[in-house]
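Below is one structure, written out as structure tokens; comments come after it.
Note that this is a predicted model, so its numbers are computed, not measured.
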Amino acid sequence: IYLPDGNGLEIFTLLNKLNKDIPVIVITAYATEPTRKQATLLGAFDYFSKPFNLNELRKTIEKALTSNEKPPISRVRKEGVLTDNLIGKSTIMQEIFTTVQKVALTDATVLIQGESGTGKELIARAIHFASKRSNKPFLTINCGAMPEQLLESELFGYMQGAFTGAIKNKKGLFEEAEGGSLFLDEIGEMPLTMQVKLLRVLQENTIRRIGSNREIEVDVRIICATNKDLESMVHKGTFREDLFYRINVVPIYVPPLRKRKEDIPLLVKYFTEKFCERSNLPMKKFSKSALEKLINYDWPGNVRELKNIVERTITLSIKDEITEYDIPPLKSPTLSKNTTFFDLDNVEIPPEGIELEHTLDEIRKAFMKKALELTDGKQVEAAKLLKMPIRSFRYYLKKLGIKN
């Protein structure tokens, strides 16, 4: 770091500009916490202080040469990118990026909240790989994807003979993630009895395998995520209040894509370049009208849905410039905030024509489904919302195959 004619971390910055994919290992006789943090933020693969163990260095180099980790935060933030799929120049996303950088320097427990498809796991990964734990495991588990007993054995492990089928001792994820991070996805789905056990781990930093009386110390950073309103669940008694405050040390709310539409062009460009490069396709471009179509959609599936639409469009299109007519049908039309209906003065018909009746049916179907959603499935109220006679409403329910 301290060289006769300059600073090693400045060379690191220059190297990033020359080739962003080269992993960098910092070795210094002047190891300090500020320089370690700075190197981490620049994206250093590892940081050694002299004297160091040569075998450990060899192993680290081997890992670095086969590493597929994401680009360093400080470089890609200038491009509006924090990590793959986690992109945005909007004010709210830039605030999230700043929070990620700050919290990565600590071991604080993080709770990431937001709708499905907004990139909660990507934020968790960004926190881990920007932290001092980046060369240790990052393990994930979906708390709502398995029964309680299986979840307990996955998290804490078990001893041979603890239950039928336990033919040997097995480490749980807390032990496997030693020194690293454990991402608990959909924590709101965790049963109350398991919440108690997780709370104990957070308080004591120890776990106990199923069938064992021995306490095992663990050093694991916990990052949680949920698409549920945990505060509301606390009031209802379906989520423990003490656990909520334990995991909500640093809250991060990820907004839905419809709340940051200014990021859509950047996301489209990023996904297009990534997909064309990965598929060895000529680079394609979305036209202004195509981007407007994507911007005017509400994206209930958020960034995940946008990525799928971009890839599908590129796969099916043979043209270099993609127009709005090349984009596959989206789930539902989106209305302008300042209008009560479509802009009939700017109707466009593609050269190949359209099936008008089918298009009108699709529009009717989308509005009827939305009305039912807004009225909790009450047909009479939904019909009133659309100013339709209830008999006509029920007729089209049947005709269009709308399940209610």
Side-chain angles (χ1 to χ4, degrees), residues 114-118 144 186 188-189 227-229 232-233 236 255-261 264 267-268 286-317 322-404:
E115 295 178 7
S116 296
T118 50
E186 302 304 341
E189 303 286 347
N227 58 14
K228 295 183 177 296
D229 183 350
S232 175
M233 292 180 67
K236 294 177 182 176
L257 188 54
R258 62 183 174 275
K259 296 261 182 89
R260 56 181 186 105
K261 289 194 171 185
I264 290 177
L267 286 159
V268 171
F286 280 69
S287 69
K288 183 178 179 181
S289 60
L291 287 174
E292 286 176 354
K293 180 175 181 177
L294 296 177
I295 290 170
N296 289 330
Y297 178 59
D298 269 347
W299 299 107
N302 292 298
V303 179
R304 184 185 296 136
E305 183 184 5
L306 175 63
K307 181 183 179 184
N308 290 341
I309 286 292
V310 170
E311 293 191 3
R312 191 184 315 162
T313 303
I314 292 171
T315 301
L316 298 177
S317 176
I322 293 167
T323 70
E324 70 268 37
Y325 307 117
D326 299 313
I327 299 173
L330 302 175
K331 287 183 180 178
S332 62
T334 300
L335 300 183
S336 166
K337 293 179 181 178
N338 300 320
T339 63
T340 56
F341 205 70
F342 296 104
D343 185 358
L344 299 179
D345 293 328
N346 293 302
V347 171
E348 294 186 19
I349 299 176
E352 65 273 19
I354 63 169
E355 296 180 14
L356 181 59
E357 292 302 323
H358 173 74
T359 302
L360 293 175
D361 278 344
E362 287 299 303
I363 293 172
R364 188 189 302 272
K365 184 176 182 179
F367 276 105
M368 290 178 67
K369 289 174 71 174
K370 187 65 177 179
L372 286 167
E373 178 186 326
L374 293 172
T375 58
D376 295 325
K378 297 172 183 175
Q379 294 182 11
V380 174
E381 292 184 19
K384 287 181 180 178
L385 201 58
L386 298 177
K387 296 181 170 50
M388 290 176 66
I390 186 61
R391 290 181 64 184
S392 296
F393 188 88
R394 287 172 176 160
Y395 165 78
Y396 282 108
L397 277 181
K398 186 175 180 180
K399 178 187 175 183
L400 300 176
I402 301 173
K403 295 181 179 179
N404 179 30

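With values rounded to the nearest 0.5 angstrom, D361 atom CG is found 7.5 Å from Y396 atom OH. One distance of note links CG of L356 with OG1 of T359; it measures 6.0 Å at 0.5 Å rounding. For the atom pair CZ of R364 and CG of L386, the computed distance is 9.5 Å after rounding to the nearest 0.5 Å. With rounding to the nearest 0.5 angstrom, the CD1 atom of I295 is 13.5 Å from the NZ atom of K293. Atom CG of L257 is separated from atom OH of Y297 by 10.5 Å, given to the nearest 0.5 angstrom. Between the CG atom of L397 and the CG atom of L372 there is a distance of 6.0 Å, given to the nearest 0.5 Å.
Residues D298 and K261 have side chains in contact (heavy-atom distance under 4.5 Å, counting atoms from C-beta outward). A 4.5 Å side-chain heavy-atom check between R260 and V303 finds at least one atom pair inside the cut-off.
The salt bridge (charged side-chain N to carboxylate O under 4.0 Å, His left out) test applied to E311 returns R278, not counting sequence neighbours. Looking at residues two or more places apart in sequence or on another chain, you find a side chain to side chain contact (heavy atoms under 4.5 Å, CB included) between S232 and D229, K236. Taking S116 as the reference, N227 meet the side chain to side chain donor-acceptor pair (under 3.5 Å) condition, with sequence neighbours excluded. For T323, the side chain to side chain donor-acceptor pair (under 3.5 Å) criterion is met by D326, not counting sequence neighbours. Shown here are the salt bridge (charged side-chain N to carboxylate O under 4.0 Å, His left out) partners of K228, two or more places apart in sequence or in another chain: E189. Evaluation of the side chain to side chain donor-acceptor pair (under 3.5 Å) rule for R258 yields E115 as partners, not counting sequence neighbours. Remark: E373 pairs with K370 by the salt bridge (charged side-chain N to carboxylate O under 4.0 Å, His left out) rule, at least two apart or across chains. Listed by chain and number, the residues in a side chain to side chain contact (heavy atoms under 4.5 Å, CB included) with I314 are T272, F275, C276, L281, K284, F286, V310, I322 (sequence neighbours excluded).
Sorted by first and then second residue, the salt bridge (charged side-chain N to carboxylate O under 4.0 Å, His left out) pairs involving residues 378-396 (not counting sequence neighbours) form an empty list.
When all heavy atoms are compared, the tightest approach of I327 to A290 is CD1-O, 3.6 Å. Residues T118 and P255 share a closest heavy-atom pair of CG2-O, 3.7 Å.
Side-chain N or O atoms of W299 include one that pairs as donor or acceptor with a backbone N or O of L294 at under 3.5 Å. The backbone N or O of A371 sits less than 3.5 Å from a side-chain atom of T375, completing a donor-acceptor pair.
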